[in-house]
**Student:** 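Starting off with a structure, shown below.
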2 protein chains.
Amino acid sequence: MNPNARPAQEAASAPAHDRVYRALRTRIMHGEVTPGAALTLRGIGGEFGVSMTPAREAVRRLAAEGALFLSSSGRVTTPELTNERIEELAALRALLEVELASRALPRAHMALIDRLQTINSNVAEMVSKRDAVGYIRTNLEFHRALYLRAQAPAMLAMAETVWLQLGPTMRALYGRLRRTDPPQNHRLIIAALKAGDEPGLRLAVRSDVTQGLRLLAG
Amino acid sequence: MNPNARPAQEAASAPAHDRVYRALRTRIMHGEVTPGAALTLRGIGGEFGVSMTPAREAVRRLAAEGALFLSSSGRVTTPELTNERIEELAALRALLEVELASRALPRAHMALIDRLQTINSNVAEMVSKRDAVGYIRTNLEFHRALYLRAQAPAMLAMAETVWLQLGPTMRALYGRLRRTDPPQNHRLIIAALKAGDEPGLRLAVRSDVTQGLRLLAG
DNA sequence: CGGCGTGATTTGTGATCACATGAGCGGATG
DNA sequence: CATCCGCTCATGTGATCACAAATCACGCCG
């Protein structure tokens, strides 16, 4: 028996530090925390019913990924990104995700495109409901579903790290963004996938990734 | 007074977990450990004169960066990369470092080029001495000196993460590589910098980054 | 009324310990 | 002689504690 095989309830039996890590990670990536929010090890431990030790490990891990900021005295906050930093992370997203999409293209069959369309309708629903967290979550789900086909785990992990770093800021950004129109770039991505049009796909992904961050220039 | 200001002896007064982290990090990045080597928390603690707690934090942090592999039971080893993984990491290096070099180009003045030439002569010396660790160290120093000019800290951090993941494998790779000729691609990089030739620079960086990893295809 | 020093308290750090578990080794068995 | 089973010990996990340092608030002085 492979001890890694945990058919269901994967998270239940996992080590405490891992449960805490995962919970905090999705919370941050989905933009459920505001930039600059302070965390304490005892507070985290209390929330999850564990001691400081696993809380510390989870925090360290997240800090190593850039998802949390550790002051010189060890205080923990979610990062407050400068505009420069945001632009750099957007450039990274473009770089990585264009490559991932390009690698996924030859492997993208009809089943994937159907799935992307389903997810995309959920995205549109979140936009119409002005649900920022739901929008971020489904939007990332869309991108991840596509990039999984690229068969490039290290590259995907890096892209997710960038998402993680942008998480708290994204929430604040999309909060002031008053769109209710459905995501046009996602449709362009799907169309390019259908047509097997690689240049078009690269352009569409690049636009989709950088558009949301463009408004901060003002 | 800024408490962050530690003019000299920065590492001495730093927290224990940070000292351990940094020591292990450079050890791994410079290829001073072989792939698949096992580490124990008590062993690390003993080596650095600290308890298991800081050792655990350092290990967790390195594992989060992909520099160490944690088995499902928590055992710690340096990663043994598959050829697929190595190729993917090489592609990531190409992607990131070409961009970094490109961004550094307009900011590259004569002082930088002189410095690169100095470092490059050290690289050549390491090659002639067949000093694998010294070669890796000076080679990374060359690349970092260039990329620092790009003013893109997040991107540089990602590139360093890739170096870290490749560290143990690089040692094994360059060990079986019996070259004694000086690094030709570095000269091309310097020449392109002097000429302000961006396409040439991108090509030279891409070649330099991918050439060493090409021999594993056989 | 405002700036600043001082003390109380919150907070991270690191050591130690008890516990569960998994790895590795040795021996028994076919 | 190979294989499988069992045990033992090494190893990671998580809780608790003592300590130091930083933060915050209060009150004092200008």
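What you are looking at is a predicted structure, and each value in this text was computed from that prediction instead of being measured. Below, chain A is the first sequence line, B the second, and so on; all start at residue 1. Any value given below was found using the heavy atoms of this structure, including those in side chains, with hydrogens, waters and symmetry copies removed.
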**Student:** Taking the ring centre of each residue, are H17(A) and Y21(A) less than 6.0 Å apart?
**Tutor:** no

**Student:** Would you say that E65(B) contacts R25(B) through its side chain, given a criterion of any heavy-atom pair below 4.5 Å between the two side chains?
**Tutor:** yes

**Student:** For a quick check of understanding: with a heavy-atom distance under 4.0 Å over all strands, which category does L39(B) fall into, base, sugar-phosphate or nothing?
**Tutor:** sugar-phosphate

**Student:** Mind calculating the distance between OH (Y21(B)) and C1' (dT13(C)) to the nearest angstrom?
**Tutor:** 19 Å

**Student:** Would you say L193(A) and L201(A) make side-chain contact, with heavy atoms under 4.5 Å?
**Tutor:** yes

**Student:** Just compare dT13(D), dG12(C), dG14(C) and give me whichever is closest to any side-chain atom of H17(A).
**Tutor:** dT13(D)

**Student:** Show me the donor-acceptor pairs, under 3.5 Å and distance only, between side chains in residues 111-118 of chain A and residues at least two apart or in other chains.
**Tutor:**
residue : atom : partner : partner atom : Å
T118(A) : OG1  : D114(A) : O            : 3.1

**Student:** Would you say the base of dG12(C) and the side-chain of R75(A) have a donor-acceptor pair closer than 3.5 Å?
**Tutor:** no

**Student:** Hey, what's the ring geometry for H186(B) with H143(B), parallel, tilted or perpendicular (30° and 60° as the breaks)?
**Tutor:** perpendicular

**Student:** Find the distance L41(A):CG to dA22(D):P and express it as a whole number of Å.
**Tutor:** 16 Å

**Student:** Hey, which sits more toward the 5' end of DNA chain D by its nearest nucleotide, G74(B) or V50(A)?
**Tutor:** G74(B)

**Student:** Where along residues 51-66 of chain A does a heavy atom fall under 4.0 Å from DNA chain C?
**Tutor:** M52(A), R56(A), R60(A)

**Student:** Could you state the CD1-P distance from I44(B) to dA10(D), rounded to the nearest angstrom?
**Tutor:** 18 Å

**Student:** From CZ of R42(B) over to C1' of dA15(C), roughly how many Å is that when rounded to an integer?
**Tutor:** 13 Å

**Student:** Quickly work out the L70(A) CG to dG12(C) C1' distance and round it to whole Å.
**Tutor:** 10 Å

**Student:** Hey, can you pull the donor-acceptor pairs under 3.5 Å for the side chains in residues 40-50 of chain A, sequence neighbours left out?
**Tutor:**
residue : atom : partner : partner atom : Å
T40(A)  : OG1  : G43(A)  : N            : 2.9
E47(A)  : OE2  : R27(A)  : NH1          : 3.2
E47(A)  : OE2  : R27(A)  : NH2          : 2.7

